[in-house]
Amino acid sequence: MPAIVTALRSLRASQDEAVRLGAGSSSVLSVRGLSVQLGGREVLHDVSFELGAGELTGLIGSNGAGKTTLLRALLGLQAVSAGTVTLSGRRERAAVGYVPQKVGLDPDLPVRARDLVALGIDGQRLGVGLRSAARRERVEALLQSVGASHLADARVGALSGGEQQRVLIAHALASSPKLLLLDEPLANLDLRSTQETVTLLATLARSRGMAVLVATHDINPLLPFMGRVVYLAEGRAASGTTDEVVRSDVLSALYGHHVDVLHAHGRVIVSVSDQHHDGPGQGWGPEPRGEALVGGPGGQEAPGEQQAPEGCDLAPDDCTDDAPQAWQP
Amino acid sequence: MGLGPFSSFMTGTWLEATVVAVVAGVVGFFVVVRGAAFAAHAIPQGAFTGAAGAALAGVSTLAGVGTFSLLAVAAMARWGRRARHDVVTALILVGLLGLGSLFLSMSSQYSEQTFSLLFGEPLAVSTAQVIPSASIGVACLVLVATIYRRLLLASVAPELVAARGVSPERVESWFLLSLGAATTLALPVVGALLVFSLMIGPASAARSLARQPLSAVALSVGLALLTVWASIVAAFYSNWPLGFFVGTLGVFWYLLGRGVQLRAARSLATAPGGAGGPASGRSLGPGPRRGSG
Ligand SMILES: Nc1ncnc2c1ncn2[C@@H]1O[C@H](COP(=O)(O)OP(=O)(O)OP(=O)(O)O)[C@@H](O)[C@H]1O
Ligand SMILES: [Mg+2]
């Protein structure tokens, strides 16, 4: 136990000393010692991290880790019990764009993609809103920036999940945010759409000098594009560059028991053993496929930390021929 | 032959019905896109209790209906946030109906006036009577126009409004207030049982037929006007209750909208190349990605 505490403390200390953002990148958002209580339970405890302009950051955590709660706290929609959230520069609400998790859109809603994006420009204002050529052009430009010009006149509810995602991103971009928060934007997307969406987000971050925070349970699609990572587990967070955080020692300290981090075919598998845990299902890492690799009865076949397993039988999903190439930017 | 449906004796009726249709068309659009049909059903039922109470107390029907509409709306806005919407709505409805049955049993004679409020009785509205309802109608339309954008965005997804610093619960409360006002207006004309068919029928057809929000609102208003005007003429000649025609036309509009939508979907599906709306323009990917919905 003391070792874990020390490890966590040193991790946090190193973060506090120097906010290590990418070279030349300035901080857009600074979160310090954030804690959130929900239903009498501390869902987030002492979470600290920075987000840099032009950077894509992954917010990684398994189901129930507190990703949505954290994003809602950043938006001011969730009361926090401790800590500060500081947004640099413009302080108004429009400076943060948000794409919520699982928006269930009614397919019969007479709202076209362009209407939804227009509501992104001024949806919070009073009055009906007059249409102008300038507004129309701006909507077209926004749709184009997410590669959704061809969807402009379709009803949003009738679009596929991936198409809706693009339109919602355009909606969020409409207020020219300095910070874009996306909650599980990759859920239910096929391989190609996932890759396209991540590429798009990285491009938007760079071209707009915007900080982008992507909440996801699967770290892999983000790996080629992600400068930094905020890893949530057990209510706590570890943050830094991917190499600094996605390591066995750091994640073991975070989870409070041993965690293996495996690298295979350019993918990362975080394997969390639940031996030290109360119930099944608790504490599984974001990559449940890893469960076959360590812990439990089959523990002896676990390869050593940081070693690439040779065969594909361990993680069949990762062994499709196109998977490794698919992540090339 | 002097007293046709278009004689000057009917002026008040036409004006009143027109105000009612415009307001019901606008508010009804949001009822339909927000899935608030149950609330639109419950508020008039609760407000009918107000009419029975007004008859008992000897005050104006409009005052009784208005008070109880507001009461129902306030209760829904207050308790609907926490618990499940439909359960709260049902409990408010049940509570008010219970009170209504008490009021009815207490009134000495079976009030014909109260009974007509169930099914509507528009054929003898004086021009002077139009003024209070027109005022409520204008106020209601101003309210909806004021919150239009955030209400529309909240109807797409409440989280999107919340992310912009606007409370979706507050938007819902204002919307319920507009629903209460529309109910107060429409109830004496089309009757408590059928207010909601005037809101749902035209608006549901408009939702299916129009592609964008403002034209859907306009179409909803147009169909609501057509509904009440046609119903007045039909009721005048047939002596059947106005509500019968309003209700039947409401169902007709809905079926018409659905039918046109289905036809459009089918013709798109069978069109060469299956150009179902904007195509992705790439041949990659696992086949068609969008269902015909
Ligand atoms: N209103 C609430 N009251 C009590 N507990 C809550 C409430 N909302 C969320 N929680 C709990 O807080 C924890 C974090 O939830 P959150 O939705 O933030 O997780 P998440 O990381 O977004 O998960 P997922 O990947 O499933 O979306 C969960 O354990 C959940 O049960
Ligand atoms: Mg979540």
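Throughout, protein chains are lettered first and strands after them, A, B, ... in sequence-line order, and every chain is numbered starting at 1.
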Please classify the contact between [X] and chain A as side chain, backbone, both or neither, with a heavy-atom cut-off of under 4.5 Å.
X	answer
B:Val161	neither
B:Leu151	neither
B:Ala145	both

Query raised in the report: Which atoms of A:Leu116 come close to chain B, meaning under 4.5 Å heavy atom to heavy atom: side chain ones, backbone ones, both, or neither?
Result: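 Answer is side chain: those atoms of A:Leu116 sit under 4.5 Å from chain B.
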
**Report entry** Between B:Leu209, B:Val171, B:Leu153, the one whose heavy-atom pairs under 4.5 Å with chain A are most numerous
**Finding:**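 So the answer, after comparing B:Leu209, B:Val171, B:Leu153, is B:Leu153.
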
Report task. Please determine, among B:Val32, B:Val142, B:Leu214, B:Val144, the option with the most heavy-atom pairs under 4.5 Å with chain A. Result ->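 When all of B:Val32, B:Val142, B:Leu214, B:Val144 are compared, B:Leu214 has the most.
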
Query raised in the report: Salt bridge check: are A:Asp108 and B:Arg258 linked by an N-O gap of less than 4.0 Å?
Result: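 So A:Asp108 pairs with B:Arg258 through a salt bridge.
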
**Report entry** Presence of salt bridge, A:Lys67 and A:Asp183, under 4.0 angstrom
**Finding:**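 Judged by the 4.0 Å cut-off on N to carboxylate O distance, A:Asp183 and A:Lys67 do not form a salt bridge.
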
Query raised in the report: Do A:Val167 and A:Arg114 come close enough that some side-chain heavy atom pair is under 4.5 Å?
Result: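 When only atoms from C-beta onward are counted, A:Arg114 and A:Val167 do not touch, as no gap falls below 4.5 Å.
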
Requested in this report: Evaluate the side-chain proximity of A:Val117 to A:Leu143: yes if any heavy-atom separation is below 4.5 Å, no if none is.
Outcome: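 Of all side-chain heavy-atom pairs linking A:Val117 with A:Leu143, at least one is under 4.5 Å.
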
Query raised in the report: Do B:Arg207 side-chain atoms and B:Gly257 backbone N/O form a donor-acceptor pair below 3.5 Å?
Result: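 Not a single qualifying donor-acceptor pair exists.
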
Report task. Verify the distance criterion only: is there a donor paired with an acceptor across the side chains of B:Thr146 and B:Trp174 at less than 3.5 Å? Result ->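 There is no such pair between these side chains.
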
Query raised in the report: Of all of A:Val111, A:Leu109, A:Leu119, A:Leu181, which one pairs up most often with chain B through heavy atoms under 4.5 Å apart?
Result: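 Max contact count across the listed options: A:Leu119.
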
